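Right, one structure below, let's go through it.
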Amino acid sequence: MENGRLRVETLGPLRAFVGDRELVLGPPKQRAVFAVLALCRNNVVSRDDLIDYVWGETPPATATGNLHTYMSGLRRALDQVGEALDSSGSGYSLRLGADGLDVVVAERVAARARASRADEDRIAAVAAFDEALACWRPGSALGGLPGPFAAEHRARVADLRLRLLMERAEVLLELGRPTAVAEQLQDHVRANPYHERLRGLLMSALHRSGQTADALAHYRELRKLLADDLGIDPSAESQALHASMLADNAAPSVSPAPAPSPDRALTPDRAPTPDPAPSTPTAPLVRPAQLPRGDANFVGRTEAIHQVMEAARTAGGPQIALIVGAGGIGKTALAVRCAHLLAAAYPDGQLHMNLRGFDPRQPARSSADALHHLLTSVNVKKIPDGRDQRAGLWRSIVRDKRMLIVLDNAESAEQVEELLPGGGPSFVIVTSRNRLSGLSVRYAARRVALGPLTEDESLTLLFTAIGNVRVAGELTAARHLAELCGNLPLALRIAAEQVSAGAEVKIGDVTHDLENVRGRLDALRLPDDELSSVRGVLSWSYTRLGTETARAFRLLGLIPGVNIRPEAAAALLALAPAQAADTLRDLAGQHLLETTAGSYWMHDLTRIYAEEASQIGEPDDSRRQALERLLEWYVRTLAQRYQATPSIRLPFTLQDDFPYELVSLDGQNERVAWCAQEWDNIAPLMRAAQRIGRHDRVWQLCYLLFEYFYAAGQARDWVETVRLGMRAADQLRDRVAQAVLHNHLSVAYSRLGENDAAVRELHSALRLVEDLGEDTLRISMLGNLASTLREAKDYAAALPYAEEAVALARHSGLIYYEAGTLDVLCELYVELGEFAEALRVGELGRQAARSCQNAMLEANILIALGTAEHGLGHAGTAVEHFQEALGLSDSSDDYHAARALFGLARVQHAEGRQGPAGELAARALVLLRDLDAEDVDEVAEFLRGLDGLGESDGLGGEQSPDTHQSA
């Protein structure tokens, strides 16, 4: 062998050297195969993965033969390096030291730079960053090489280089050398226009170099790009930097040397801009830490763990690990194990989500729904309706964060694709029963395939779970037990738990019981159908449960949702809270339930068996009554708000004798947040209620979700839910229920801007209550009809309905409805230009809203009052009203916050202050776009008009806020 070690360059055109001699690596596809092996150094890459990585999704029929030819060519090229290229039955690997791969060297030197920075040796840090950046060669990374793996590498090392450049710039700013930073970053900002951290560094450098006007221009450009293209505000850091420049204070420190990653997380919360006007309050940032508890009996999988860890640690390599294998093989356990090992390296948080890809009880989680969950997990308050908009917002938020994301039980590559970060330092672990070749092909994801445990690993699991002495005393029986369980981790854990249940239980007894169900256990040996095999083990485990625990297991199999809280389980099982909690813990202790974040859930296979056990072993009446108790528990939990508010009446009656504990929900924010968390349980439960004929519970739940949907802004989901409720009301021929839901559907249509449809629904509702004597419902419908017609600008038609609604509300003595109808009438007078009358009516409505402590309604009235005062030329009073409305609009009410901001913008514009007017209107526009509100066009047109600086600020076309005030 020639003197010298193998050295590979991938931060430019692919080159390989032994000593000073460059190797001839052959044609492009052969070179692409070598690049994959080099970047996966010392790890076996399967033949299938190599074909995916080099040829893509549609390889030719000759790909396998061509791969064999390329490997032969690479062996000839590497004959001077000894046994560098290894092959086995599972694939190929390239022996390559850490110093032999340039991207690993670059990352190691970068780590040294960060350590120097942490020690405040900034000169040494800059020198080390320069050394790391010098690892890049002229030309595109792996330039000219085909295949998705090379393309993904190019994107990832470009991101790595950009991060190193930013860290170097931060140190230069700390050294007081802003001019050098400004010169360095200009071109990079043009190439990465949405990158807030990068642009923030440039803004800081320009400001500190005395070029504040240029820095402010960059901020305006950033704000416009984010609002127009992504519908979000600049991050809190960007806004704070903008504030400091406006105030001519020293720019905030870019960031101290973080550990273990230098990346500063973007925050999804909307922080206040540095305007003289008040700003929208933001909730404190909660860093997600969603990883489930790891399995205490986890054993083996050493090579699989190494592969996942290596994928995470390889600089410039794939940032996605796929753990694939049959059901029950231990994919989730391995993913959680690796995630806990990696968690400290991802300080911006760890996310975990079950995609339900193989859940036979309900469809796989859609990409749109999964994106909603992810965005909620990183504190986004208002989620866009559109899937594309959600995906864009998710990628923008996570772009510069260092997060660990576990996507469990994926059905397909398409289900996962939109959930992946668009770039940056985050790491994703995906588990699936499918190969997910699309992810391997398009993103060069590292696939880790799991098979059954080895015999030794199975024995180790039994030693750990049962105890060394007992297993050693029955070693032959233990080996037989592992064989009967097919070395499947799930089956082994269940069997071990039964042995551990008491000292008198022998391993031989367990193996004897398993042999008695050999017909079912034979399926353990089938690699493509673990359902029957696990059913055999679960059947045996289930028969050993005590009578009451077995009944609880059967009833828990009825749950159509994803999990259950102990309080809800108590109602389902008809047990006292403490007894229900003990039962759940007992089942969890025997691995028939899992627990996380205060709720319990079943593995999909366990749930299938529990449902089968319920069908066989639980009488029909018992199953139906259990579901009815669970339904009533949800109805009563949501109805607490109405029962505690005398001014709001439920359109149905609840008996007082419900003996089960409810979840206490205080305030609108908590109620809305709880509904968001429970939606995956409530939605399938409504469908289950429909199947068993409890149509009353379907429409009641639909009615009680009004506040959640109104605040959450998910109008299209709302329409579908109300339609489900209306089908139930039609089945019952309940005119009150039908009218109520027509009313709700009108609000959902109005939120979508479909006013004609909303008016049709309201006329239908009014016809239904015409002779029922339901004045309360009639008040709500008349008010909503007036409000909808006002939005359609049919003021003449709206006014009589509004006046009739006010008269009925005053006659009813219900202060809530009086406040709401006065609000609608006030808005109409504003639209008609009758500002003095609007003030008179609005003040009465404001007092009523305060009396019933409804902040959302009071904010809406204040905005109408501010608009009227502005129309009368009372700018100071108008500003006071808008500011008070803004203060009342908390984090759950972005709509009224946006309308208050827009009101302030119009006042500023009328006073000739175009800059503040534009800032305020831009903030309003971002909030309204998040809600997909029809007001977007009005505010966008106002902003376009600011460019002319000559358009009238007349109020004749002002659209007041939308308040469909009652459920």
Side-chain angles (χ1 to χ4, degrees), residues 106 109-134 136 158-226 233-259 261-267 271 273-274 399-400 424-425 915 919:
V109 177
R112 191 176 77 227
R114 292 164 191 150
S116 296
R117 185 182 177 190
D119 293 335
E120 299 189 356
D121 188 353
R122 295 182 177 88
I123 300 298
V126 171
F129 279 126
D130 286 340
E131 182 181 348
L133 290 164
W136 271 260
D159 181 77
L160 174 63
R161 183 169 184 268
L162 185 60
R163 282 189 280 133
L164 296 181
L165 285 166
M166 289 189 293
E167 292 176 68
R168 179 180 182 274
E170 289 171 346
V171 180
L172 288 174
L173 286 176
E174 292 166 3
L175 287 169
R177 295 166 58 186
T179 303
V181 173
E183 293 172 354
Q184 176 198 50
L185 297 185
Q186 293 278 8
D187 289 342
H188 295 291
V189 167
R190 281 192 287 272
N192 299 272
Y194 303 101
H195 203 304
E196 290 199 67
R197 182 179 172 213
L198 177 64
R199 196 182 289 260
L201 285 166
L202 177 57
M203 288 160 54
S204 294
L206 290 169
H207 179 53
R208 296 183 193 185
S209 302
Q211 303 173 68
T212 300
D214 291 342
L216 292 172
H218 272 285
Y219 180 82
R220 289 193 296 271
E221 181 185 23
L222 171 66
R223 185 185 61 221
K224 187 174 188 305
L225 279 170
L226 293 178
D233 276 334
S235 68
E237 290 90 344
S238 296
Q239 295 185 45
L241 177 59
H242 182 226
S244 70
M245 292 189 298
L246 287 176
D248 199 28
N249 293 329
S253 172
V254 178
S255 65
S261 166
D263 300 318
R264 182 173 57 212
L266 296 171
T267 174
T273 57
R399 173 68 171 77
D400 205 33
E919 295 273 357

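Note that the structure is predicted; figures quoted are calculated from it, not measured. Numbers for residues simply follow the sequence, beginning at 1.
Shown here for Glu196 and Ser238, the closest heavy-atom pair between the two residues is OE1-OG, 2.8 Å. The two atoms that bring Ala132 and Val109 nearest to each other are N-CG1, 3.8 Å, heavy atoms only. Scanning all heavy atoms of the two residues, the minimum distance from Ala215 to His207 falls at CB-N, 4.1 Å. For Ala110 against Leu164, the heavy-atom pair with the smallest separation is CB-CD2, 3.5 Å.
For the atom pair Leu222 CG and His242 NE2, the distance stands at 10.5 Å (nearest 0.5 Å). Atom NE2 of residue His218 and atom CZ of residue Arg199 lie 6.5 Å apart, to the nearest 0.5 angstrom. Once rounded to the nearest 0.5 Å, the distance linking CZ of Arg197 with CZ of Arg163 reads 8.5 Å. Here the CE atom belonging to Met203 is positioned 10.5 Å from the OG1 atom belonging to Thr212, to the nearest 0.5 angstrom.
For Ala169, the side chain to side chain contact (heavy atoms under 4.5 Å, CB included) partners at least two apart in sequence or on another chain are Val181, Gln184, Leu185, Leu201. Considering only residues two or more places apart in sequence or on other chains, Ala125 meets the side chain to side chain contact (heavy atoms under 4.5 Å, CB included) condition with Ser116, Arg117, Val171. For Arg177, the side chain to side chain contact (heavy atoms under 4.5 Å, CB included) partners two or more places apart in sequence, or in a different chain, are Leu172, Leu175. Residues passing the salt bridge (Lys or Arg N to Asp or Glu O under 4.0 Å) test with Arg220: none are found, sequence neighbours excluded. Asp130 meets the salt bridge (Lys or Arg N to Asp or Glu O under 4.0 Å) test with Arg168; sequence neighbours excluded. Glu183 meets the side chain to side chain contact (heavy atoms under 4.5 Å, CB included) test with Thr179; sequence neighbours excluded.
In this structure, the side chains of Glu919 and Arg223 come closer than 4.5 Å at one or more pairs of heavy atoms. Considering only heavy atoms from C-beta on, Leu246 stays 4.5 Å or farther from Tyr219 through its side chain. The closest side-chain heavy-atom distance from His195 to Leu162 is below 4.5 Å.
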Assess the residue pair Leu241 and Ser244 against the criterion (side-chain contact (heavy atoms from CB on, under 4.5 Å)); give the C-alpha distance rounded to whole Å, side-chain angles, the decisive distance to 0.1 Å, and a yes or no. CA-CA 5 Å; Leu241 177 59; Ser244 70; 3.9 Å; yes

